[in-house]
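Have a look at the structure below before the remarks.
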Amino acid sequence: MLELGKRQSLLIVKELDFGVYLGEEINAAIEDRVLLPKKQVPKDSKIGDRIEVFLYKDSEDRLIATTTKPLLSVGKVGKLTVSQVTKIGAFLAWGLEKDVLLPYKEQTARLKEGDNVLVALYIDKSSRLAATMKVYKYLHKNSDYEKDDKVSGTVYEISETFGAYVAVDDRFSALIPKRELYGDIKVGDVITARVAEVKEDGKLDLCVRKKAYLQIGQDAKKLIELMERLDNKLPFTDKASPELIKNETGMSKNEFKRAIGNLLKSGKIVIESDCICLLEETSNHR
């Protein structure tokens, strides 16, 4: 069977002035043949020779073969470059003459020309090849990573309910849960994280922050820098709401309290009824 969007080894079954027809068998029926244009035919090829080709559709929506190997095949995930943004979506360069379409409904973020975007290739309802940024179902769950391993991956979708979905190594399924989502993480970012948990199904939960005992020092430094920008004062204390603390510092309330405790113990701040003040000596000699 001729398979759209995949590489196949096919036989030359007929020679023409404008190319050759290929099929799975030497006597393949007309409807089971596909054209390989003349400029793609290997030199000195003859009927009965086997050729490795990729099958796609040309500008007139006809199935056609090419010996050029594209950057993606159906069901595979990889990064492609946006060549053009149009009214129907973004076109991605993937190594063939005809770019592949990434429809707007398959995008998880706004794109511009030149962006590198993580996508999977699929066959749409019109039996055409297309790309999608919604790669969740195309990712694997059989990585060798274990708890506390350091990993790198691409953020491909963000959910207000669940968090940031990440393709670790652009292959494996992972999530930064909403409770662990700190800083300005957006679709397309390549992030480094720690494996917080390996789920029973093999999916990974990630944390972009270090373990508490390693993170306290960095958080304390971050608070000093924040207070210096605010005339050496935070206009709230550790009694503030978790939402206010998260919005102003990017930390959870517990992380904030641990960092404040560290600064208080080292004599770098004083806590007043409605604010936290950085001692002048700390500001001048940090």
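- In this pair, F172 and Y145 present their aromatic rings perpendicular. The plane angle is above 60°, beyond the 30 to 60° band.
- Side chain of N247 to backbone of L244: no donor-acceptor contact under 3.5 angstrom is found.
- A donor-acceptor pair shorter than 3.5 Å cannot be found between the side chains of T108 and E157.
- At a threshold of 4.0 Å, the pair K253-D238 does not count as salt-bridged, since none of the basic side-chain nitrogens sits closer than that to a carboxylate oxygen.
- For A130 against L121, the heavy-atom pair with the smallest separation is O-CD1, 3.3 Å.
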Taking it one step at a time, do V34 and Y21 satisfy side chain to side chain contact (heavy atoms under 4.5 Å, CB included)?
CA-CA 5 Å; V34 61; Y21 276 110; 5.9 Å; no

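- Nearest heavy-atom pair, E180 versus C207, reported as atom, atom and distance to 0.1 Å: OE1-SG, 3.2 Å.
- A donor-acceptor pair under 3.5 Å is absent between the side-chain atoms of K268 and the main chain of N262, judged by distance alone.
- Applying the salt bridge (Lys or Arg N to Asp or Glu O under 4.0 Å) test to every pair with at least one member in residues 163-178, sequence neighbours left out, gives these pairs: K79-D170.
- R194 and D149 are not joined by a salt bridge, as no carboxylate oxygen comes within less than 4.0 angstrom of a charged side-chain nitrogen.
- Judged as a ring pair (Phe, Tyr, Trp, His ring centres under 6.0 Å), and not counting sequence neighbours, the contacts of F236 are F256.
- By the 6.0 Å contact criterion, CD on E31 is enclosed, its count of non-hydrogen atoms from other residues, nucleotides or ligands being greater than 12.
- Listed for the R33 side chain is a donor-acceptor partner under 3.5 Å among the backbone atoms of A28.
- When atom types are taken as modelled, the side chain of S45 and the backbone of P42 share a donor-acceptor pair closer than 3.5 angstrom.
- A pairwise comparison of heavy atoms in A93 and S83 identifies N-OG, 4.2 Å as the closest pair.
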